[in-house]
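This report concerns only the one structure given below.
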Amino acid sequence: MGADGRKAIFITGAASGIGLATAKRFAREGWYVGLADIDAGGLKAAREALGAGNCGVHRLDVRDRAAWKKELAAFTKGTNGRLDVLLNNAGVAHYGWFEDLTDDEVDRQIDINIKGVVNGARAGLDLLIGTPGSVLINVASCAGLFGAPKMAIYSATKFAVKGLSEALDLEFSRHGVAVRCIMPWFVDTPILQAGSQGSNEKIADTIRQGGSEVYTVEEAADVIWKAAQGKDLHWIVGKAGKRLRFAARFMPGAVRKQLLSMMDPV
Ligand code: NAI
């Protein structure tokens with residue numbers, strides 16, 4: 001069964017967390033959803049949750065350029081060529097001091113979080129151009145607003161996604177394609193359990209020590225839903241993120257001090 005004229009969104013990292021919640025939200029709003037992920041079991045569960053008639057399932061590693069072309073072609077075969085939103089959401093984190101990450105952990109974050117997003121934008125552009133009013137949405141992070149200790153590589157990848165989104169929003173305006181960048185504060189998903197081989201600590205430990213706010217996946221999905229219809233380029237998830245954006249701009253010294261005190265609490 002195909003999209004039947006419904007609006008169509010293709011979501012990477014759709015088997016879990018923010019991607020899955022966003023898939024459910026768009027399906028509830030009457031959209032047809034392409035669920036893409038490397039997690040076959042998670043995809044199967046996601047398909048059941050959405051209802052088979054509301055989605056197509058795509059095994060896709062965002063690092064694989066050829067697979068991107070193949071899966072987008074398969075998805076849009078069922079949507080009559082339509083791609084209203086491409087959501088580059090898949091991402092990974094490794095947590096720990098810069099020198100304690102393995103080379104593989106460094107590469108994995110750069111390859112998935114940056115190159116995966118670039119691959120998606122390049123593979124999807126023609127389909128987006130062919131769909132009036134289309135939007136490319138990239139998920140960055142509040143770690144792309146101010147460099148976060150023990151997440152240096154992750155932060156760097158999210159600064160890259162933010163910069164890429166800003167540049168592409170300008171470039172793609174030539175084609176009538178809008179670009180939106182989502183910057184969530186901490187959201188309650190399995191990524192908060194991310195650690196690294198060189199550290200026993202997880203992101204969740206720092207959140208607990210720092211007493212930070214954590215938002216729900218539904219709140220993140222709501223922001224993405226609004227971003228798909230809205231005019232702004234940058235979309236923050238969570239009040240704590242909005243406070244950070246303000247502080248990073250107008251009092252970066254205070255942000256630095258706070259991050260230093262959170263780094264190694266005694
Ligand atoms: P999650 O771990 O729940 O979901 C990530 C999904 O991406 C998983 O289903 C995973 O299988 C998939 N994935 C991983 N590598 C992949 C690959 N190579 N190809 C295709 N799929 C792949 O994490 P969450 O939190 O839902 O993350 C979604 C996005 O939100 C990520 O880009 C993350 O960096 C970003 N984000 C998350 C925050 C949080 O606190 N949860 C905060 C800020 C940004």
Side-chain angles (χ1 to χ4, degrees), residues 10-25 34-47 49 57-68 71-72 86-95 104-105 107-120 123 137-146 148 151 153-162 164-165 181-195 202-204 206-208 210 212-221 223-224 227 234-238 240-241 244-245:
F10 189 87
I11 303 176
T12 66
S16 173
I18 295 171
L20 177 57
T22 307
K24 289 180 182 167
R25 175 65 190 268
L35 303 165
D37 209 291
I38 43 171
D39 173 4
L43 281 175
K44 192 164 170 267
R47 185 170 186 260
V57 161
H58 302 269
R59 279 288 290 283
L60 168 67
D61 185 328
V62 295
R63 292 168 287 192
D64 183 342
R65 287 186 180 133
W68 258 111
E71 297 308 323
L72 278 178
L86 172 54
L87 177 61
N88 268 321
N89 164 75
V92 293
H94 288 288
Y95 191 71
D104 281 349
E105 288 168 341
D107 289 346
R108 187 165 172 261
Q109 291 179 91
I110 292 170
D111 289 346
I112 295 173
N113 298 5
I114 304 181
K115 288 192 197 165
V117 171
V118 171
N119 290 344
I137 306 182
N138 297 325
V139 179
S141 167
C142 283
L145 290 172
F146 200 98
M151 301 184 78
I153 299 294
Y154 179 81
S155 265
T157 67
K158 296 305 187 177
F159 269 81
V161 172
K162 181 167 176 277
L164 180 77
S165 305
C181 179
I182 312 293
M183 286 173 285
W185 186 259
F186 293 118
V187 176
D188 188 13
T189 77
I191 215 173
L192 300 186
Q193 300 310 317
K202 300 183 184 324
I203 299 175
T206 295
I207 295 174
R208 215 171 13 255
S212 170
E213 286 154 51
V214 177
Y215 299 93
T216 65
V217 286
E218 288 78 19
E219 285 171 285
V223 171
I224 295 172
H234 300 113
W235 294 77
I236 303 238
V237 178
L244 173 64
R245 177 166 61 179

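As the structure is a computational prediction, the values presented were derived from the model and not from experiment. The figures that follow rest on heavy atoms only: side chains count, while hydrogens, waters and symmetry mates do not. Both ligands and their constituent atoms are indexed starting at 1 by order of listing.
- Considering only heavy atoms from C-beta on, Trp185 stays 4.5 Å or farther from Val237 through its side chain.
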For residues 186-194, which side-chain N or O atoms pair as donor and acceptor with protein atoms under 3.5 Å away, sequence neighbours left out?
residue: Thr189; atom: OG1; partner: Ile191; partner atom: N; Å: 3.1

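- Between the side chain of Ser155 and the backbone N or O of Ala148, at least one donor-acceptor pair lies under 3.5 Å.
- The backbone N or O of Thr12 sits nowhere less than 3.5 Å from a side-chain atom of Asn88 that would complete a donor-acceptor pair.
- Put simply, the side chain of Asp37 gets close to the backbone of Ala15: a donor and an acceptor are under 3.5 Å apart.
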Below 3.5 Å only, please: the N or O atoms of ligand 1 paired with protein N or O atoms, distance on each line.
residue: ligand 1; atom: 3 (O); partner: Ser16; partner atom: OG; Å: 2.6
residue: ligand 1; atom: 9 (O); partner: Asp37; partner atom: OD1; Å: 3.4
residue: ligand 1; atom: 9 (O); partner: Asp37; partner atom: OD2; Å: 2.7
residue: ligand 1; atom: 11 (O); partner: Asp37; partner atom: OD1; Å: 2.6
residue: ligand 1; atom: 18 (N); partner: Asp61; partner atom: OD1; Å: 3.0
residue: ligand 1; atom: 19 (N); partner: Leu60; partner atom: O; Å: 3.4
residue: ligand 1; atom: 19 (N); partner: Val62; partner atom: N; Å: 3.0
residue: ligand 1; atom: 25 (O); partner: Thr189; partner atom: OG1; Å: 2.5
residue: ligand 1; atom: 26 (O); partner: Ile18; partner atom: N; Å: 2.8
residue: ligand 1; atom: 32 (O); partner: Asn89; partner atom: O; Å: 2.8
residue: ligand 1; atom: 32 (O); partner: Lys158; partner atom: NZ; Å: 3.0
residue: ligand 1; atom: 34 (O); partner: Tyr154; partner atom: OH; Å: 2.6
residue: ligand 1; atom: 34 (O); partner: Lys158; partner atom: NZ; Å: 3.0
residue: ligand 1; atom: 40 (O); partner: Val187; partner atom: N; Å: 2.7
residue: ligand 1; atom: 40 (O); partner: Val187; partner atom: O; Å: 3.3
residue: ligand 1; atom: 41 (N); partner: Val187; partner atom: O; Å: 3.0
residue: ligand 1; atom: 41 (N); partner: Thr189; partner atom: OG1; Å: 3.2

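- At least one donor-acceptor pair under 3.5 Å links the side chain of Lys158 to the backbone N or O of Val139.
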